[in-house]
Amino acid sequence: MKMSPKSSLLLQRINETPTTAAAAACKQAYRHPDAAQVPENVARYHTHAVGPNQCCSSVSQHISAPVSTVWSVVRRFDNPQAYKHFVKSCHLVLGDGDVGTLREVRVISGLPAVSSTERLEILDDERHVISFSVVGGDHRLANYRSVTTLHAAAAGGGGGTVVVESYVVDVPQGNTKDETCVFVDTIVKCNLQSLAQIAENLSRRNPSSS
């Protein structure tokens, strides 16, 4: 699959080895590929506590659509399949979409997973932040936690929205940190490219929201 030049990987490898099981912090400040500093109120959400057998990474995507349009798709915890093509189905098992809501996601065949039970950790409509953690299911991504933020892109770069999705996850037995990050990065990157296509189509159909 040919990746869009708009998307980029920012691999935040954790080189230090903690001396205890207590998590070490992934303190690197996220920077947009254009070297522009991501706003501090956004960057702080992408600081993760990373244990000795975990990896941490992030992916960014520029989308030529306003933040409000992109957020209308991303915030739907009950409908991840709207842009995540690896998701076959999703239904809420507890809650109604507020923080603490649980969903059960079924994934398409061909992936090393069948289902995932996920809890909504953050849903901030003002700051455009959503976060979830994986709390069960039949898969290999134990203790996975993802944070996705949206912020307006600089006008000089054409405007639009920058989406940043970062995560921390256990490294499965038999795999390395690099292998795990490459696998998850690929899935996240495909998801964000799909999100870009959907949001840009929505924006073209509803130009008044731009």
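Each residue takes its place number in the sequence, starting with 1. Computed over heavy atoms, backbone and side chain alike; hydrogens, waters and symmetry mates excluded.
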Q. Ignoring hydrogens and geometry, is there a side-chain-to-backbone donor-acceptor pair from Thr161 to Val67 under 3.5 Å?
A. yes

Q | Asp125: partners by salt bridge (charged side-chain N to carboxylate O under 4.0 Å, His left out), with sequence neighbours left out | A | Arg75

(Q) Just verifying a value: how many Å separate Arg145 CZ and Cys56 SG, rounded to the nearest 0.5 Å? (A) 12.0 Å

Q.
Testing the basics here: between Ala82 and Ile198, what is the closest heavy-atom pair and its distance to 0.1 Å?
A. O-CD1, 2.8 Å

Q: Kindly give the heavy-atom pair with the smallest separation between Ile63 and Ala199, and that separation in Å.
A: CG2-CB, 4.0 Å

Q.
Check Lys177 with Glu179, please: is the shortest side-chain N to carboxylate O separation under 4.0 Å?
A. no

Q. Quick one: does Arg76's side chain have a donor or acceptor within less than 3.5 Å of a partner on Gln81's backbone?
A. no

Q: Consider only side-chain N and O atoms of Thr180 and Asn175, and report whether a donor and an acceptor are under 3.5 Å apart.
A: no

**Q.** Lys/Arg cation over aromatic Phe132: Arg103, 6.0 Å, 45° cone
**A.** yes

Q. Are Asp178 and Cys181 side-chain neighbours, meaning at least one heavy-atom pair lies under 4.5 Å?
A. no

Q.
The test is side-chain contact (heavy atoms from CB on, under 4.5 Å); show your working for His46 and Thr149 and say whether it passes.
A. CA-CA 9 Å; His46 299 289; Thr149 61; 2.8 Å; yes

(Q) Using 0.5 Å steps for rounding, measure from the CG atom of Leu102 to the CG atom of Leu92. (A) 9.0 Å

Q. Within a strict 4.5 Å, meaning less than it, do heavy atoms of the Val163 and Val74 side chains meet?
A. no

Q: Kindly compute the distance separating OG (Ser60) from CG (Leu192), expressed to the nearest 0.5 Å.
A: 8.5 Å

Q) Which heavy-atom pair separates Gly160 from His62 by the least distance, and what is that distance? A) CA-NE2, 4.3 Å

Q. Side-chain donor-acceptor pair under 3.5 Å between Glu165 and Ser146, yes or no?
A. yes

**Q.** Within one Ile-Leu-Val-Met-Phe-Trp-Tyr cluster: Val162 and Val147, side-chain cutoff 4.5 Å
**A.** no

Q.
Under a 3.5 Å distance rule, please check whether Asp124 uses its side chain to pair with a backbone N or O of Glu126 as donor and acceptor.
A. yes

Q. Heavy-atom distance under 4.5 Å between the side chains of His128 and His151, does that happen here?
A. no

Q | Any residue meeting ring-ring contact (aromatic ring centres under 6.0 Å, His included) with His139, in chain and number order, not counting sequence neighbours | A | none

Q: Please round to the nearest 0.5 Å and tell me the distance separating atom CG of Leu123 and atom CG of Leu120.
A: 5.5 Å

Q: Would you check if the side chain of Glu104 reaches a backbone N or O of His91 as a donor-acceptor pair within less than 3.5 Å?
A: no

Q) Would a 4.5 Å heavy-atom cut-off, applied to side chains only, mark Val70 and Leu195 as touching? A) yes

Q) Mind checking whether Val184 and Val135 sit in one hydrophobic cluster, side chains of I, L, V, M, F, W, Y counted as touching below 4.5 Å? A) no

Q) Can you tell me how far SG of Cys190 sits from CG of Asp185, rounded to the nearest 0.5 angstrom? A) 11.0 Å

Q | Close side-chain approach of Asn143 to Val169, heavy-atom, < 4.5 Å | A | no

Q.
Just verifying a value: how many Å separate Tyr144 OH and Gln54 CD, rounded to the nearest 0.5 Å?
A. 12.5 Å

(Q) One pair to check against side chain to side chain donor-acceptor pair (under 3.5 Å): Asp138 and Ser115. What are the steps and the verdict? (A) CA-CA 5 Å; Asp138 181 3; Ser115 66; 5.7 Å; no

Q. Hey, does Val134 have a side-chain heavy atom less than 4.5 Å from the side chain of Thr117?
A. no

Q: Spell out, yes or no, whether Leu141 and Phe77 are grouped together once hydrophobic residues are joined by side-chain heavy atoms under 4.5 Å, including indirect joins.
A: yes

Q: Tell me yes or no: between the side chains of Glu121 and Ser133, is some donor less than 3.5 Å from an acceptor?
A: yes

Q) Is Pro66 close to Ser203 at the side-chain level, that is, under 4.5 Å between some pair of heavy atoms? A) yes

Q.
Hydrophobic clusters here meaning ILVMFWY residues chained together by side-chain heavy-atom distances under 4.5 Å, can you tell me if Ile122 and Val188 are in one?
A. no

Q. So do Glu118 and Val105 actually touch side chain to side chain, heavy atoms under 4.5 Å?
A. yes

Q) Same hydrophobic cluster for Tyr167 and Phe86, using side-chain heavy-atom links shorter than 4.5 Å among ILVMFWY? A) yes

